[in-house]
Amino acid sequence: MNVKDSVSTRVKLSILAVGLLTFTGILIETSMNVTFPTLTKDLNVSLSTVQWLTTGYLLLTTIVMSTTAYVLKKFNPLKIFIFAASLCLIGSIICFMAPNFPVLMGGRLLQAIATGLSTPLMFNLIFMEIPSSQLGLYTGLAGVVISLAPALGPTYGGIINRIWTWREIFVGILPLIILLFVLGWFTIRGKAIGTKGISFDYLSVAGLAIIFSAILFTFDQAGAHGWSSSQFLMGVLASLIIFGIFVWYNNKSQRQLIDFSILKIPVLRLRLYGYFGLQFLNIGLSFLLPIFAQTVLKADSAQAGLMLLPGSLLGAVVGPIAGHLYDKKGATLPLILSGILITLGTALFLVKGSDLTLLSITWIYLIIRIGFNFGFGTSLSDGSMQVSGPKKSDQNSLFSMMQQYAGSLGTNVLSVVISAVALNTKGEVLSTVIGTKIDFAVLTALSLSILLTIIYVYFKYEKKNN
């Protein structure tokens with residue numbers, strides 16, 4: 001390897017510190033999902049209220065990520081990391097000691113801010129300090145951080161909740177956060193590029209928050225009242241109007257939250273679609289499969305989490321391999337493999353339907369995890385290569401924001417489908433079976449569309465340049 005392409009130990013450790021902070025935030029997010037039945041009893045609140053521990057967390061994380069194109073230019077990386085790690089530590093302590101739901105929610109929101117800052121910071125360090133010859137490898141490793149945590153979360157949360165209580169979920173991460181704080185303090189370097197001539201756009205932040213909230217609220221109406229209800233249809237109309245106003249404002253405003261003009265680049269736009277779709281699939285399945293296992297197959301929370309473990313571990317191995325393949329061969333081969341495998345896996349879930357067992361879920365999920373990790377980091381890497389200079393922070397912020405919202409929307413949409421089916425179906429098991437079947441059809445269609453965009457980019461843009 002050329003000396004100029006080597007990566008110092010300090011840089012590796014700095015990326016590790018920020019990456020594991022991101023891992024911790026996502027791990028806790030998905031760990032809490034399996035504790036909801038327990039929390040409703042312990043905190044004396046309804047399930048619809050408890051679900052805001054995930055929905056509210058993901059929503060605030062998305063909003064914070066929307067600000068990072070500006071924040072990463074304004075503040076030095078170390079300052080951002082210290083602030084994020086401190087909030088994660090304080091939030092974890094608050095959650096552990098929470099006497100009621102509002103306090104627990106407050107702690108989760110502090111953790112959401114931490115994750116919203118640490119994820120874009122991780123990729124910013126990679127894009128700024130890693131040579132282009134190794135970019136695929138390191139984004140592949142970063143993709144492992146993001147993709148492994150959601151699948152390990154139910155296993156971690158299920159086991160801890162079964163042996164002790166939900167509070168110990170937060171105790172387990174405290175030593176890790178302290179260790180990461182120290183590691184980051186001594187290894188993270190770099191200077192902010194500055195925000196001269198750029199004003200922070202508070203209205204855009206508010207606009208994005210309203211848009212993201214409106215979309216989630218609209219789908220909630222479908223779950224509560226049905227897809228043909230006036231509440232859902234009015235929500236769709238309101239969301240479209242709000243989105244139109246936001247687009248108009250963004251085109252007219254002199255301020256800049258994210259430079260959305262980068263979406264005019266066709267390859268970047270399609271890579272973002274693939275990146276979003278893969279995370280929708282990833283987080284959606286980490287929610288859907290444990291629900292199916294516990295409700296239909298009568299598995300406990302630990303079994304429901306453990307069935308996802310083999311695919312998660314194998315996916316962690318595939319991520320760096322896909323990154324190395326991207327560095328050597330380009331984006332097409334790993335992305336084609338990704339598209340084929342996720343389409344095959346979701347189609348198998350659809351075909352098997354109610355005949356699924358814990359074992360069949362495990363091996364089909366393994367296929368999907370391999371496909372996911374071939375495409376996730378590669379989509380980000382190839383997207384980042386479409387821009388240069390200051391626009392990289394805009395691309396980083398945009399991809400991070402949409403990746404996070406994909407998880408929120410994936411969980412929301414797939415759960416709403418089951419809730420909507422339950423409105424006209426007697427019995428929790430039957431409504432879950434039918435709703436899950438519809439969800440698998442949605443995910444199969446999404447996977448196929450991702451594969452088609454990959455093929456389109458190859459024949460439209462890449463083949464011509466070869």
Is there a donor-acceptor contact under 3.5 Å from the side chain of [X] to the main chain of [Y]?
X	Y	answer
T295	F292	no
Y156	I169	yes
Y57	G25	yes
T411	G407	yes
S415	N412	yes
T218	G235	yes

Would a 4.5 Å heavy-atom cut-off, applied to side chains only, mark [X] and [Y] as touching?
X	Y	result
R369	N282	yes
W227	F219	yes
S338	T378	no
Q111	L87	no
C95	L110	no
Y405	M65	no

Contacts of F440 that satisfy ring-ring contact (aromatic ring centres under 6.0 Å, His included) - sequence neighbours left out: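 F440 satisfies ring-ring contact (aromatic ring centres under 6.0 Å, His included) with F349 only.
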
Does a donor on one side chain sit under 3.5 Å from an acceptor on the other, for T165 and E168?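 Yes - a donor-acceptor pair under 3.5 Å links their side chains.
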
Candidate list I361, T357, L359, test side-chain contact (heavy atoms from CB on, under 4.5 Å), partner M307, passing option: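 The side-chain contact (heavy atoms from CB on, under 4.5 Å) with M307 is passed solely by I361 among I361, T357, L359.
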
